[in-house]
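Per chain, numbering begins at 1; letters A, B, ... match sequence-line order. Note that the structure is predicted; figures quoted are calculated from it, not measured.
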Amino acid sequence: MHDLRVLREQIDLLRDGMRRRGVLDTLAPVIDRGQAVERERRTLIQAVEERKAQRNAIAQEVAKRKRAKEDADDLIAQGRALGDEIGQLEQELGSTEAELNRALLEIPNITFATVPEGGEENNVIVREWGTPRASAGVKPHWEIGAKLGMIDIERASKVSGSGFVFYRGKGARLVRALLNFFMDVHRDEHGYEEVWPPLLVNRSTMTGTGQLPKFEDDAYATRTDDLFLIPTAEVPVTNLYRDEILEADSLPMAFVAYSKCFRREAGSAGKDTRGILRTHEFDKVELVRYATQENSGEQLEALTRHAENILERLGIPHRRKLLAAGDTGFSSAMTYDLEAWAPGVGAWLEVSSCSNFADYQARRANIRYRPGKGEKPRFVHTLNGSGVAFPRTIACILEHYQNADGTVSVPDVLRPYLGTDVLS
RNA sequence: GGGGGGGUGGCCGAGAGGCUGAAGGCGGCGGUUUGCUAAACCGUUAUACGGGCUAAAACCUGUAUCGAGGGUUCGAAUCCCUCCCCUCCCGCCA
């Protein structure tokens, strides 16, 4: 969410930001309306506060007279009239602020100047690692996974519906191995605090990270408690310090959390649905960082490297893609996608998306820090990225390490976790 | 699920319709004093949103904020209603 001041003081910057995202045409009316409503709001605030000041003065005077045992009926009548007026004005102010809020919530973050303009055709591959294996003779992961008894999609659909997976036998153990491997590396080598978050969160939390109100249809909700199943650990972990003021020397903060992620995937039917590439429930290790305005840029580089490091250690060929403005997520100011090569599917699979939200998320979640003693609090910069998502990584492992006889070699780093060299 | 006790500033803790943005203490910051450390004493100590002044601050000024939201009242931390959270006891439960 933007500071409402952008509507007053940085309107050109805002317009340009929307232009670079390619959404200026759609959002121009919203911005114009927002600008007008922002002015309206200030006029109303002045009107209300003027009357409140009068009312307060009258109340003081009433108190004084009462103490002196004097009559104050005339003042009381004045105060009552003012009260009525204030009530009306406040109602107007309320609806004006609601409208302003709606407008602000519709405007996405302004991407950094270093982010290319335009849509996904302008995405840039900025880094490549490893040699993608040729697809010839490589079976897709769903075939291999089924054959090795690791993945059972048919029975999952019986038990839960389409878009769910049973991991079984070595498949289940592989999930557990990845979990431990990811967490160990990020905690021991990259210095993250390990967090095990709740998977059900309340409405304020979902609103804090921007899942609500706009994307309520994408989330699973509980029937009786107004709780939501998290779509990513980003939600509970970023909200850890919601409504708090942190000390400057506690920054940067870095958290790594494993969680199940629950997504209805409303509207994405038919896209990447084969195998385990898009399911309603999947596992992910998420990296979350709180930074200052000064160092969030380098923090994004560090976080992205941490995620890449996992893929390198697994030996999976991958690339880093800087997303163009139009392809960058709503709240993000800059995003790198990490894509791993799946030779069986014959596609680059997004296994991580690393973003710097600048203060956009923190303003909404009200997470601040005090830069120095006696200084005014400022919003932190929040960052997050997968480190990494399990199902697509599993797909890549099953395909990249596939042997001619249908078995799959286990990447070196996973052998101690998996207790075997080969999946057969 | 049933019953009790609570939520006040960075923290602890008073206050029970007006003189309370909030006593007192701790902590923080600034200062005075003292060979150093320490102590003592004095001062100071929130956030948000407006307005004025400004290049921008500082500053001045208004409003709001005592878990959240409504209500009563000329006036609410204080009274009423709804909700949330914490805590204790009983029941149930992995």
Quick one: is A:Arg368 getting a side-chain N or O under 4.0 Å of the B:rA46 phosphate, OP1 or OP2? no

Just checking, any donor-acceptor pair under 3.5 angstrom between side chains of A:Ser331 and A:Asn109? no

Given the P atoms of B:rG9 and B:rG4, what is the spacing between them in whole Å? 27 Å

Using Watson-Crick or G-U wobble geometry with both distances below 3.5 Å, tell me the partner of B:rC53, or none. none

Say you pick atom C1' in B:rA14 and the same atom in B:rG6; how far apart are they, in whole Å? 16 Å

Report which part of the nucleic acid A:Lys64 touches: base, sugar-phosphate, or nothing (heavy-atom distance under 4.0 Å, all strands). nothing

Whole angstrom is fine here: how far is it from CD in A:Glu9 over to C1' in B:rA55? 14 Å

P-based separation of B:rU78 from B:rG67 [nearest Å]: 8 Å

Taking only the P atom of each, what is the distance from B:rA16 to B:rC93 in whole angstrom? 47 Å

Cation over ring face, A:Arg320 and A:Tyr336, 6.0 Å, 45°: yes

Distance between the P atoms of B:rU65 and B:rA22, in whole angstroms? 14 Å

So what does A:Leu93 touch, heavy atoms closer than 4.0 Å: a base, only the sugar-phosphate, or nothing? nothing

